[in-house]
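Here's the structure, in structure tokens; my notes come after.
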Amino acid sequence: MNAPAALKPEVISLGCRLNIAESERMKAMLADAGDVVVVNSCAVTSEAVRQTRQAIRKARRARPDARLIVTGCAADIERDQIADMPEVDGLIANQSKLDPRAWNVPLPEAPPAPTRTRAFIAVQNGCDHACTFCVIPQGRGVSRSMTIAEVLREVEHHLALGAQEVVLTGVDVTSWGHDLPSTPPLGALVAAVLDRFPELPRLRMSSLDGIEIDDALFELFASETRLMPHLHLSLQHGHDLILKRMKRRHSRADAADLVRRLKSRRPDIAIGADLIAGFPTETDEHHAANLSIIDELDIVHGHIFPYSPRPGTPAARMPQLDRAVIKSRAAELRAAVADRRAVWLNSFVGETLSVLAERDGTGYAPHYARVDLPEAAAASTLVDVTVRSVEGGLLK
């Protein structure tokens, strides 16, 4: 018998798209677990940890009698601090959170039905790199890939449930396949999904490491209309010295060349990027390079992270910038992205776009521009919308 509605489990997801995908699986796994709240935490920045702690307190106030369990990266990286919170009843290690044995529940018979309009499939987990600012390998472990067959089974399941868009996600998605026999490139997986499911309208990639985009994946981005024209780069900075101190494997020129080649083949592709403001030792010159790469790459989807030292990372031992300087530089980066984005959004006025409807009355165009939809648009359907204006960052 299912638990009463008031006692149904709740999973609160913070952070990345991978956490979203994993939260969907936990919801299905814990469907009959009773009065339990799970906080699937994030620890990528100190702000993410603060938001995790805030979510824990809020969840306890909302469900005072529930068993409150924390998992995710903060449950490993900030384990002692999270465990000491009076609101928390227990922790589940990040690498065990999808194992039914860790929760003392039976294995679900099938992948979960999506609770979102897009199906997030975690094709990869963990990371083998050692960026000097990052704690995620501490919380996720080494890189591990799903096989092509496993991914195809999940896509088939979501399509049977009516998914119109599949998002392939992971911690370091472009390292997919490095641990599999014959080390297939990510392009082979993307091609397999598109070939196996010609009825799939839209396939989208989450954040990618540009230096690892293989030739097959590049060609698909350049020419395959069902692969959405939206490339989000794990860029991090616009100056080569800072990239070197971050221990990134690409240069500014590498990123610029990738975008130039893609736009020469598919001019409408929308570029997104992660950028860190105020990395240790960053000078005014370095910050200026960070600002200028926004225009050079025409970044219209910007994720700006004010640098914060993470425990045990090499960057935390480097000379730190004043927090006010970091905050100011992050604001300048956000403003620069907003300027580029405003020009980009206005370029759609008069165009008719195919939009995937969400449940909140908006939806996403192929380029990941958000669109205000007619009231009659049903969630999880593709609708054509002719853009008349831009208001509050929404196409209307």
Side-chain angles (χ1 to χ4, degrees), residues 2-3 7-46 48-112 114-116 120-127 134-146 150 154 169-172 310-312:
N2 291 333
L7 300 179
K8 282 186 177 180
E10 178 183 5
V11 180
I12 300 166
S13 189
L14 295 98
C16 62
R17 289 177 174 177
L18 178 56
N19 256 15
I20 293 172
E22 292 170 337
S23 292
E24 297 298 318
R25 299 187 72 88
M26 282 191 285
K27 287 176 186 176
M29 186 170 60
L30 301 173
D32 297 316
D35 194 8
V36 60
V37 175
V38 178
V39 176
N40 192 14
S41 65
C42 180
V44 67
T45 63
S46 58
V49 175
R50 187 193 69 79
Q51 291 175 0
T52 289
R53 297 172 71 91
Q54 184 180 55
I56 290 168
R57 296 187 184 103
K58 183 177 179 181
R60 175 53 74 202
R61 290 194 298 270
R63 301 272 292 268
D65 298 323
R67 186 163 53 100
L68 197 155
I69 306 297
V70 182
T71 187
C73 288
D76 285 1
I77 296 166
E78 305 280 348
R79 186 172 187 84
D80 291 343
Q81 294 89 333
I82 298 296
D84 284 344
M85 293 182 68
E87 296 87 354
V88 174
D89 294 315
L91 282 74
I92 299 288
N94 202 25
Q95 294 191 46
S96 300
K97 66 184 175 186
L98 300 183
D99 184 349
R101 293 169 298 182
W103 303 88
N104 195 28
V105 297
L107 180 68
E109 294 181 1
T115 59
R116 297 172 181 265
F120 292 85
I121 298 179
V123 302
Q124 180 274 341
N125 205 332
C127 185
C134 187
V135 292
I136 298 307
Q138 298 176 33
R140 292 282 183 175
V142 299
S143 182
R144 307 173 304 282
S145 306
M146 291 177 65
E150 289 170 334
E154 283 223 21
T169 188
V171 173
D172 180 27
R310 306 304 295 124

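Residue D84 places its CG atom among more than 12 non-hydrogen atoms of other residues, nucleotides or ligands, all under 6.0 Å distant. The local environment of CZ in R50 is crowded, with over 12 non-hydrogen atoms from other residues, nucleotides or ligands closer than 6.0 Å.
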Should M146 and N125 be marked as a side chain to side chain contact (heavy atoms under 4.5 Å, CB included) after you check the CA-CA gap, both sets of side-chain angles, and the distance that decides it?
CA-CA 9 Å; M146 291 177 65; N125 205 332; over 6 Å; no
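Considering CD1 of I121 and CZ of R17, their distance stands at 13.5 Å, rounded to 0.5 Å. Residue I56 holds its CD1 atom at 4.5 Å from CE of M85, rounded to the nearest 0.5 Å. Separating the OG1 atom in T52 from the CZ atom in R57 is a distance of 11.0 Å, to the nearest 0.5 Å. The CD1 atom of I82 lies 10.5 Å from the CD1 atom of I77; values are rounded to the nearest 0.5 Å. Rounded to the nearest 0.5 angstrom, I69 CD1 and N40 CG are separated by 13.0 Å. Atoms CD1 and SG, on I136 and C42 in that order, are 6.0 Å from each other to the nearest 0.5 Å.
The two residues K8 and R63 come nearest to each other via the heavy atoms O-NH2, 3.0 Å. When all heavy atoms of Q124 and S143 are compared, the closest pair comes out as NE2-OG, 3.1 Å. Contact detail for V171 and C127: the closest heavy-atom pair is CG1-CB, 4.0 Å. Of all the heavy atoms in S96 and A102, the pair that sits closest is O-CB, 3.5 Å. Heavy-atom minimum distance, P9 versus A31: CD-O, 3.7 Å. Annotation for V37 and A59: closest pair CG1-CB, 3.9 Å, computed over non-hydrogen atoms.
The pair E78-R310 meets the salt-bridge criterion, since a charged nitrogen lies less than 4.0 angstrom from a carboxylate oxygen. The pair E22-R140 meets the salt-bridge criterion, since a charged nitrogen lies less than 4.0 angstrom from a carboxylate oxygen. The residues E24 and K27 are annotated as salt-bridged, a charged nitrogen and a carboxylate oxygen being separated by less than 4.0 angstrom.
When side chains are defined from C-beta on, M26 does not count as touching N19, because their heavy atoms never get closer than 4.5 Å.
Defined by atom type and a distance below 3.5 Å, a donor-acceptor pair is present between the side-chain atoms of S13 and S23.
Counting only distance, with no hydrogens or angles, the side chain of S41 and the backbone of T71 share a donor-acceptor pair below 3.5 Å. Looking at R60, its side chain does come within 3.5 Å of a backbone N or O of E87 through a donor-acceptor pair. Proximity of a side-chain donor or acceptor of D89 to a complementary backbone N or O of L68 within less than 3.5 Å is detected.
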